[in-house]
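Below, read A as the first sequence line, B as the second, and so on, with proteins coming before strands; counting in each chain starts at 1.
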Amino acid sequence: MLTIELFLEQSLNGLQQGVMLFLMAAGLTLVFGIMHLINLAHGSLYMIGAYVAASVTQASDSFALGILAALAAAGLTGMLLEFSALRRLYNRDHLDQVLATFGMILFFNELVKILWGPQALFLSTPELLSGTLEFIPGAPYPSYRLFIIGAGLVVALLLRHLIIHTRVGMLIRAGATHREMVGALGVNIDQLYTIVFGLGAMLAGLAGALAGPMLAVEVGMGEKILILTFVVIIIGGIGSVRGALVGALLVGMVDTYGRAFLPTIMRELLDPASADTVAASVSSVAIYVLMAVVLIWKPRGLFQAYGS
Amino acid sequence: MKNKKHLLPLFMAGAMALSAGFASSAVQAAEPLKIGMITTLSGGGASLGIDIRDGFMLGLKMKDGQLGGVETQVIEVDDARKVGNAKQIASRMIKQDDVDIVTGIVWSNLAMAVVPSVTRAGKFYISPNAGPSALAGKKCDKNYFNVAWQNDNLHEAAGQYVTDKGLKNVYLMAPNYPAGKDAIAGFKRFYKGDVAGEVYTKLGQVDYAAELANLRAAKPDAVYFFLPGGMGINFVKQYSQAGLSGETPLFGPAFSFDEGILKAVGDAAIGVYNTSQWNKDIDNPANASFVKAFKETYGRNPSLYASQGYDAALLIDSAVRSVGGDLSDDDKFRDALRKAEFDSVRGDFKFGSNQHPVQDIYVRIVHKDGDTVTNKIVSKVFTAHQDAYAAECKL
């Protein structure tokens, strides 16, 4: 049953899922690590990205324009959110932040419903990417998923460049560990935070836009991915972008392998009826087991945020 | 405009909590028929509740706001798909608003929590959607009527159709929760071939890449899946992207292929077979006027949920009319409901011994009609089909 081709295909699926999670986790971990803000509304920015991408793509017939519009809309919404509301929450405890940003989830869900209606939106795969590529014999792979893998890896490289080699990146790293000192040296911390938040929001918007052609663009789509995203940043180490990448790939792989191979393994051990149920249950908790194991081994996650 | 009108009763329901006096003075007619509609109007799954509500309201509108010739007041409250909300709303409707009939619930888990308390209080419940097996069997109640279907019905029809087509090796997929298991059980009740694989996915799962790769490797003749709401949209899009739609035919219940979902899935759904008790091309006068009026009023195609809401209104209309608007005698009103003397949009309709529908079930195919992706009927699978639980119901 388990052939090498199937294994390769499932590995690609895991990689693709991981890359998607990374786009979400990178923004969330920056905000969490640098501003110490728990932002549950990160999923709402993802939803906004998907909705704007769907609308613009439909109107203009260009998925590229859709992605650009999604980046702009999510980034602007994020900065506006930071400037108007979240800024007041940095010095409050985490419970207040959870409460306020949870309120924003409800707000954005209703807003999207008012603007676009309750029914899911249509976003098709761009023509160029709608086929399959058969580079693994017997397992044609959707080109669109390959495109996501590519796009995610490019974003990872760009982020790495931004954080290590640019002035903003330097300030982000400094702000994460010594924020009073950075402020004392004359850096406008408020502005830096708004920029970082906008950056994170743009990444969430990009994830939403990329997910659109594969998934249902619907109200509440953000919450489904948000929980996995939190698992990723906890595994990776809060505040570390490198951790987010490793964590996302780990979660993507474990989740995919679990769903893909556990039913077969369980059928070797149990009778078919209970094997299916057990496999479904075990694979749905697999990533949480992974998280628990990582936390026992490294209580602060796999990677530490810069310097601390 | 439409929505504002519906909000009025809602505000009144809210105001009642504050001052009972105000609300009762606002109602002038002698004894209006009060109907409590608990349905999902916000959050995930809102489109189903909105369709049911709109279908019901259209039925009411076509009777000039009077069901059975009695001035009708609909108290409409959103349950946001939450069991706790639905229970609370129901108890307020029973105790404070003193409604005559409750209807509207979309989801089986909400129905299981609400229906028994409604019937215990001596009120009638008319289900326009959810039909959990318990309420059709052991826990059936003389005041509970289901005007849609028993949950298993559409899956049973799919099992029969797949067998009739001579497909012998089918891959099955459903979410890992009670309705998912029921769906597969319903399918297997009438499916006679082999099972190429049986997979239970996480409820609310968004990505099906791993499952699709396994599915392809299993080389089935066909796939039957039950993934309601957004899960179905995700699955069908990804199924098509993986290039499977040309290779392996896909079967499902109508829930994953209503008009709203087809709009979101687009061409990826073309060629999918799905089973339903209703479609907009069923040829009878009641259906023709329903479809036309729905399009004119709301500017979109009706879904099966809308047809069920509409039939619920018509059923109530027929029963109230038959007792001459006098609801004081529960037994007489119940007998009138049982007769189901209304022109259902699906054609022949009657209640079985457990007050669930005995009806025809069709298989539809998704096709492109001009620019719209929509359903058309391929053939009838069951004639006057009754659910499997009726024997367990002692009424």
Ranked by heavy-atom pairs below 4.5 Å to chain B, first place among A:M221, A:K224, A:Q10, A:M20 goes to A:Q10

Among the listed options A:L12, A:N13, A:T125, the residue most often paired with chain B at heavy-atom distances under 4.5 Å: A:N13

Check against side-chain contact (heavy atoms from CB on, under 4.5 Å), A:Q119 and B:I50: CA-CA 10 Å; A:Q119 284 176 338; B:I50 288 169; over 6 Å; no

Enclosure of [X] [atom1] (heavy-atom neighbours >12, cutoff 6.0 Å):
X: B:K181; atom1: NZ; result: yes
X: A:E223; atom1: CD; result: yes
X: A:L128; atom1: CG; result: no
X: A:F102; atom1: CZ; result: no

Under 4.5 Å from any heavy atom of chain B, what part of [X] do you find: side chain, backbone, both or neither?
X: A:Q16; value: side chain
X: A:S281; value: both
X: A:P140; value: both
X: A:L215; value: both

For the side chain of A:K113 and the backbone of B:L41, is there at least one donor-acceptor N/O pair under 3.5 Å apart? yes

Could you walk me through whether A:S124 and B:D267 pass side-chain contact (heavy atoms from CB on, under 4.5 Å), step by step? CA-CA 9 Å; A:S124 68; B:D267 291 358; over 6 Å; no

Just checking heavy atoms, which of residues 232-245 of chain B are less than 4.5 Å from chain A? B:I233, B:N234, B:K237, B:Q238, B:Q241, B:A242, B:G243

If you check every heavy atom in residues 203-212 of chain B against those of chain A, which residues fall under 4.5 Å? B:G204, B:Q205, B:V206, B:D207, B:Y208, B:A209, B:A210, B:E211

Tell me the closest heavy-atom pair linking [X] and [Y], and the distance in Å.
X: B:A213; Y: A:L6; value: O-CD1, 3.6 Å
X: A:A260; Y: B:N214; value: O-ND2, 2.7 Å
X: A:F122; Y: B:A264; value: CD1-O, 3.1 Å
X: B:K202; Y: A:S284; value: CG-CB, 3.3 Å

Under 4.5 Å from any heavy atom of chain A, what part of B:V265 do you find: side chain, backbone, both or neither? backbone

